[in-house]
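Just so you know, these numbers use all the heavy atoms, side chains as well, and skip hydrogens, waters and symmetry mates.
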Amino acid sequence: MDLKPTKPLSGFIELLPAQQRCFDECARRMQEVLNYAGYSRLDLPAIERAEVLTDKDNWDEIETQIFLFQKGDTKMGLRYDGTVGLARFVAGHMNDLAFPFRVYQFARNYRGERPQRGRYREFWQMDIDVLGIQNLSTNYDAEIVATLAQMYESISDIVGSVKVKVGNRRFWNAMFEYLNLTPEQARAVFILVDKKDKISDFVEGLVDTVGADKANEINSVFTNGYRSFLNKTMNLDAAINEMDHFMELLRVMGVKNAEIDVSIMRGHAYYTGIVFEFFSVDYPELPAVGGGGRYEDLVSKFSKTRIVGVGASIGVSRLLVALMEMGKINLSKWERPIDVAILVMGDDNLQYALTVESALRNAKIPSVAYLDADKKFKNQIEYADKIMAKYSMIIGEDEAKNNVVALKDMATGDQQTVSVSDAIKLIQGR
RNA sequence: GCGGAUGUAGCUCAGCUGGUUAGAGCGUCGGUUUGUGGUACCGAAUGUCGCCGGUUCGAAUCCGGUCAUCCGCCCCA
């Protein structure tokens, strides 16, 4: 008989138990930060109607990378991020929500594209949004960045520290207006700036697109700084002041490692103002590990009410799984879930062993009994060793008869015969 | 969709210019007298050498195709 493959599909992730415990702990800490920051969790369906996931505006971008399928006459697909579902949800439950609405999702998302390092077809993402009706102060933009920074900080002992780079779409729109670019030129420059760090012929590209003079001015944003465009137009002033105010708020909220980098654009069509991306300081080879920005009219395809907001996401898989695959996360503290292995010398002693196991578990000591009680002792203690139990508790005829256990410290090899209650005290260090 | 690399045991890989029954380490299972592990020793199981075709007396090895995986590009998080 042909054996079927044991590997998951390309781009899908499986974690080993210790890795999963580490992942869960990181997720727990980040969600704890969100709870204190007043965010409610939303757990939406992974599958949405195809018409919800796609529309004519972004069909070309999305159609090639989305998992689409059909049941009967219903076309559906797997969500590729949290934003679309959130927009649908908010539009449908506006009466039940209080705005500004702070909300997060921690969920698997799916992209059908070809995988590469740090990019998966199924991945966990933490989506964080603040939504307002009609208006929402850009102060929330700063607050959400501060919240993200705290989330990263909460796991920095595991994944290292991050820095955040801040850009502004509004600044570039004002620039394009100031330079009188055609929409086609603006779009081309936008893409060039977005890719600036990746390409070597940035300036040449600008010259080809807008001519030498304007290319020079655009490039001077990076050589002389964005503030050199103050006092040119009202919109430029507004955008520049917005960035400076934003950075001032980050400073007040204690965000470290924040800097303006106007080349941060983010490809998404829906961002309209401040945008930001988080990068690993300790592992600069990783792509952005999170980011987001301000958007307008998110909900317009579901509702006539104008909803604006600021959203961000943390690529949890990208960050954690990539580091695990690189061997950069010390998993030793996640590899020891069990404190006590109860070794049972023969079926006759099983019942007593089970009462001991219950006593340990009631005392909140993670413990497992080796229930193949007729297996050789050697196999049992090898198992205790393999799961890295701190203690073995050996239960044979004598122990069962006298209501005691032989407690063995697996690191030192020391062994003593004590009552169950004394064993619990010893294990708990009292 | 495009380009590059790689497909041999559960895992990591070795097999030089084609030559009989295909190897190592790790892991798994068993054993070194059946209440003492991490070390050591002995033994065992497991492969149609990714798939199809071609060249050849003979192919894991050479050639073509195909599929898959990884890396990169496009695009994106």
Side-chain angles (χ1 to χ4, degrees), chain A residues 1-12 16 58-66 79-84 107-128 148 191 194-195 198-199 264-271 275-279 285-293 311-319 321-322 325 341-346 348-349 370 373-400 405-417:
Chain A
M1 188 177 82
D2 279 358
L3 298 174
K4 303 202 189 263
T6 58
K7 279 188 183 156
L9 286 167
S10 156
F12 288 75
L16 291 167
N58 61 359
W59 176 260
D60 286 343
E61 286 176 35
I62 270 167
E63 186 247 348
T64 53
Q65 42 182 271
I66 198 170
R79 63 178 167 215
Y80 50 86
D81 72 13
T83 312
V84 174
R108 285 185 160 112
N109 292 299
Y110 300 84
R111 302 224 173 157
E113 67 183 345
R114 203 175 288 272
Q116 357 177 342
R117 180 155 46 90
R119 298 172 58 176
Y120 308 103
R121 296 204 285 184
E122 179 187 67
F123 54 95
W124 283 94
Q125 192 164 289
M126 203 70 91
D127 277 280
I128 301 129
L148 254 75
I191 291 169
D194 191 25
K195 300 201 294 190
K198 284 178 139 185
I199 58 180
I264 296 294
M265 287 291 209
R266 296 178 68 74
H268 265 101
Y270 51 72
Y271 291 115
V275 289
F276 48 87
E277 287 188 346
F278 283 80
F279 295 90
E285 63 270 38
L286 288 182
V289 295
S313 62
I314 293 181
V316 181
S317 294
R318 169 172 280 190
L319 179 60
V321 179
E325 283 172 353
I342 301 166
L343 312 183
V344 190
M345 302 299 95
D348 293 346
N349 303 307
Y370 200 97
D374 53 346
K375 275 256 197 174
K376 288 199 296 192
F377 185 68
K378 180 185 167 65
N379 296 120
Q380 300 202 27
I381 197 158
E382 271 175 0
Y383 174 74
D385 184 51
K386 203 170 286 184
I387 65 173
M388 295 191 238
K390 291 195 191 86
Y391 298 94
S392 292
M393 204 173 260
I394 298 153
I395 290 176
E397 201 179 335
D398 294 345
E399 287 82 4
V405 297
L407 182 67
K408 180 184 175 79
D409 183 314
M410 292 298 282
T412 65
D414 295 342
Q415 187 170 324
Q416 52 187 319
T417 299

Please report the distance, rounded to the nearest Å, between CD in A/Glu382 and C1' in B/G37. 6 Å
Roughly how far apart, to the nearest Å, are B/G25 and B/A44 at atom P? 13 Å
Rounded to the nearest 0.5 Å, what's the gap from OG on A/Ser392 to CD1 on A/Ile381? Could you check? 4.5 Å
How many whole angstroms separate atom CG of A/Asp409 from atom P of B/G37? 16 Å
With P as the reference atom in both, quote the distance from B/U48 to B/G38 in angstrom, rounded to an integer. 34 Å
Using a heavy-atom cut-off of 4.0 Å across all strands, would you classify A/Tyr120 as base, sugar-phosphate, or nothing? base
Distance, rounded to the nearest Å, where A/Ile395 contributes CD1 and B/G35 contributes C1': 13 Å
Heavy atoms under 4.0 Å, any strand shown: does A/Gly315 hit a base, just sugar-phosphate, or nothing? nothing
Which pairs, protein N/O on one side and nucleotides 67-69 of chain B N/O on the other, fall under 3.5 Å?
none

A/Glu122: salt bridge (charged side-chain N to carboxylate O under 4.0 Å, His left out) partners, not counting sequence neighbours: A/Arg108
Counting the atoms with a prime plus P, OP1 and OP2 as sugar-phosphate, which does A/Phe123 contact under 4.0 Å by heavy atoms, base, sugar-phosphate, or nothing? base
Base, sugar-phosphate alone, or nothing: which one does A/Asp398 contact when heavy atoms must sit under 4.0 Å apart? base
Sugar-phosphate, base or nothing in reach of A/Gln380, heavy atoms under 4.0 Å: nothing
Say we look at B/C70 and B/U12: how far apart would their C1' atoms be, to the nearest angstrom? 15 Å
Taking the C1' atom of each, how far is B/G7 from B/G65, in whole Å? 16 Å
Go nucleotide by nucleotide along RNA chain B from the 5' end; which of A/Asp414 and A/Glu277 gets its closest nucleotide reached first? A/Asp414
On the side chain of A/Gln415, is there an atom forming a donor-acceptor pair with the base of B/U36 - under 3.5 Å, no angle test? yes
Can you tell me how far P of B/U36 sits from OH of A/Tyr370, to the nearest Å? 16 Å
Dot-bracket notation for RNA chain B is requested: 5' to 3', Watson-Crick or G-U wobble pairs only, both distances under 3.5 Å, with ( ), [ ], | and . as defined. (((((((..((((.....[...)))).(((((.......))))).....(((((..]....))))))))))))....
For A/Phe278, enumerate each residue passing the ring pair (Phe, Tyr, Trp, His ring centres under 6.0 Å) test, keeping only those at least two apart in sequence or located in another chain. A/Tyr152
Length of the OH-C1' vector between A/Tyr383 and B/G38, whole Å: 16 Å
Across nucleotides 28-34 of chain B, 5' to 3', mark each nucleotide with B, S or - according to how protein heavy atoms within less than 4.0 Å reach it. S-SSB--
Output the rounded distance in Å from CD1 (A/Ile264) to P (B/C76). 15 Å
Contact class for A/Ala341 vs. all strands (heavy atom < 4.0 Å): base, sugar-phosphate, or nothing? nothing
Distance check, C1' atoms only: B/U32 and B/C51, in whole angstrom units. 45 Å
When all nucleic acid strands are considered with a 4.0 Å heavy-atom cut-off, which category describes A/Gly291: base, sugar-phosphate, or nothing? nothing
Please identify each residue that fulfils ring pair (Phe, Tyr, Trp, His ring centres under 6.0 Å) with A/Tyr383, with sequence neighbours left out. A/Tyr370
Testing B/C76, B/U36, B/G35 for proximity to the side chain of A/Arg111, the answer is B/C76
Which whole-number value in Å describes the distance from A/Leu407 CG to B/U36 P? 17 Å
Would you measure the distance from the C1' atom in B/G15 across to the matching atom in B/A60 and give it in whole Å? 8 Å
Tell me the interatomic distance from A/Asp385, atom CG, to B/G37, atom P, rounded to whole angstroms. 10 Å
Provide the distance between the two P atoms, one in B/C63 and one in B/G27, to the nearest whole Å. 37 Å
Atom CE in A/Met265, atom OH in A/Tyr271: separation rounded to 0.5 Å? 14.0 Å
With C1' as the reference atom in both, quote the distance from B/U46 to B/U28 in angstrom, rounded to an integer. 10 Å
